[in-house]
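Both counts, for ligands and for their atoms, begin at 1 and track the order of listing.
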Amino acid sequence: MRLIIAITGASGAVYGQRLLEKLREKNVETHLIISKAAEKVIKHELEMTKEDIEKLADHSYDVDDWNSPSVSGSFKTDGMIIIPCSMKTLAGIACGYSDNLVLRAADVTLKEKRLLILVPRETPLNVVHLRNMLALAEQGVAIIPAMPAYYHKPKDIDGVVDFVVGRVLDLLDLEHTLYKRWREA
Ligand SMILES: Cc1cc2nc3c(=O)[nH]c(=O)nc-3n(C[C@H](O)[C@H](O)[C@H](O)COP(=O)(O)O)c2cc1C
């Protein structure tokens with residue numbers, strides 16, 4: 001399996017970090033793009049650098065690298081995950097405004113009818129956010145809000161993060177034990 005992973009500047013960089021760790025364990029080939037705003041969030045929330053996170057991926061690209069493979073639909077992938085996804089990036093995809101590599105790769109994923117998973121994070125949501133999510137869901141985009149459940153009784157923050165990442169892996173049909181399913185808890 002080959003996936004494009006993007007980390008954008010919403011709160012919750014840890015979701016992207018954790019997903020990359022799990023995909024590596026599963027031998028999934030990852031192509032990572034980190035937005036400029038995400039670099040700041042990674043520094044603030046994880047006290048890590050962009051380069052630290054890039055070490056978790058097989059390939060990584062600058063957000064302005066128009067020579068990278070994911071610019072074109074001829075580069076075959078099994079899909080793209082934007083985790084976390086900012087409201088700005090969500091809006092850009094909804095409008096087809098591809099002025100950076102994250103947006104272009106998502107646009108390509110959509111036009112090639114491949115799996116696009118967004119993990120948006122914002123609260124509260126305004127009407128524009130909700131309309132953009134609906135427009136994307138109507139095109140078949142999978143929206144997994146960074147909205148953890150508690151029925152699996154997480155013991156710590158890792159347990160909360162793992163629930164959201166586990167739901168992403170579920171959509172990819174990758175086996176995991178990141179959270180206990182209902183009636184297994
Ligand atoms: C510490 C921090 C936290 C932020 N959290 C969010 C958030 O949760 N959701 C969101 O949509 N934007 C958030 N933002 C704002 C985005 O980073 C900003 O809109 C940026 O332009 C997004 O660009 P990008 O989508 O290219 O990464 C946050 C910014 C900072 C600095």
- May I ask you to identify, for A10, whether its side chain, its backbone, both or neither come under 4.0 Å of ligand 1 on a heavy-atom basis? both

- Task: Using protein heavy atoms only, decide if any is under 4.0 Å from atom 18 (C) of ligand 1.
- Result: no

- Minimum non-hydrogen distance to atom 8 (O) of ligand 1, winning option of H44, R121, E45: R121

- Has E122 got any heavy atom lying under 4.0 angstrom from an atom of ligand 1?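 A heavy atom of E122 does come that close to ligand 1.
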
Within-cut-off N or O pair, [X] and ligand 1, under 3.5 Å:
| X | result |
| --- | --- |
| M87 | yes |
| K88 | yes |
| S35 | yes |

Less than 3.5 Å apart, which donor and acceptor atoms pair up between the side chains of residues 123-137 and the rest of the protein, not counting sequence neighbours?
unit_1 : atom_1 : unit_2 : atom_2 : d
N126   : OD1    : V128   : N      : 3.0
N126   : OD1    : H129   : N      : 2.8
N126   : OD1    : H129   : ND1    : 3.4
H129   : ND1    : N126   : N      : 3.0
N132   : ND2    : V128   : O      : 3.3

- Should the pair F163 and Y151 be assigned to parallel (<30°), tilted (30 to 60°) or perpendicular (>60°) ring geometry? perpendicular

- Query: Under 4.0 Å from any heavy atom of A37, which atoms of ligand 1 are there?
  - Reply: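 Reading through ligand 1 atom by atom, the close ones are 17 (O), 20 (C), 22 (C), 23 (O), 27 (O).
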
- Those atoms of ligand 1 less than 4.0 Å from some heavy atom in T8: 25 (O), 27 (O)

How far is [atom] from its nearest protein heavy atom, and which residue and atom name does that atom have?
| atom | answer |
| --- | --- |
| atom 5 (N) of ligand 1 | S11 N, 3.2 Å |
| atom 4 (C) of ligand 1 | G9 O, 3.5 Å |
| atom 1 (C) of ligand 1 | V41 CG2, 4.1 Å |

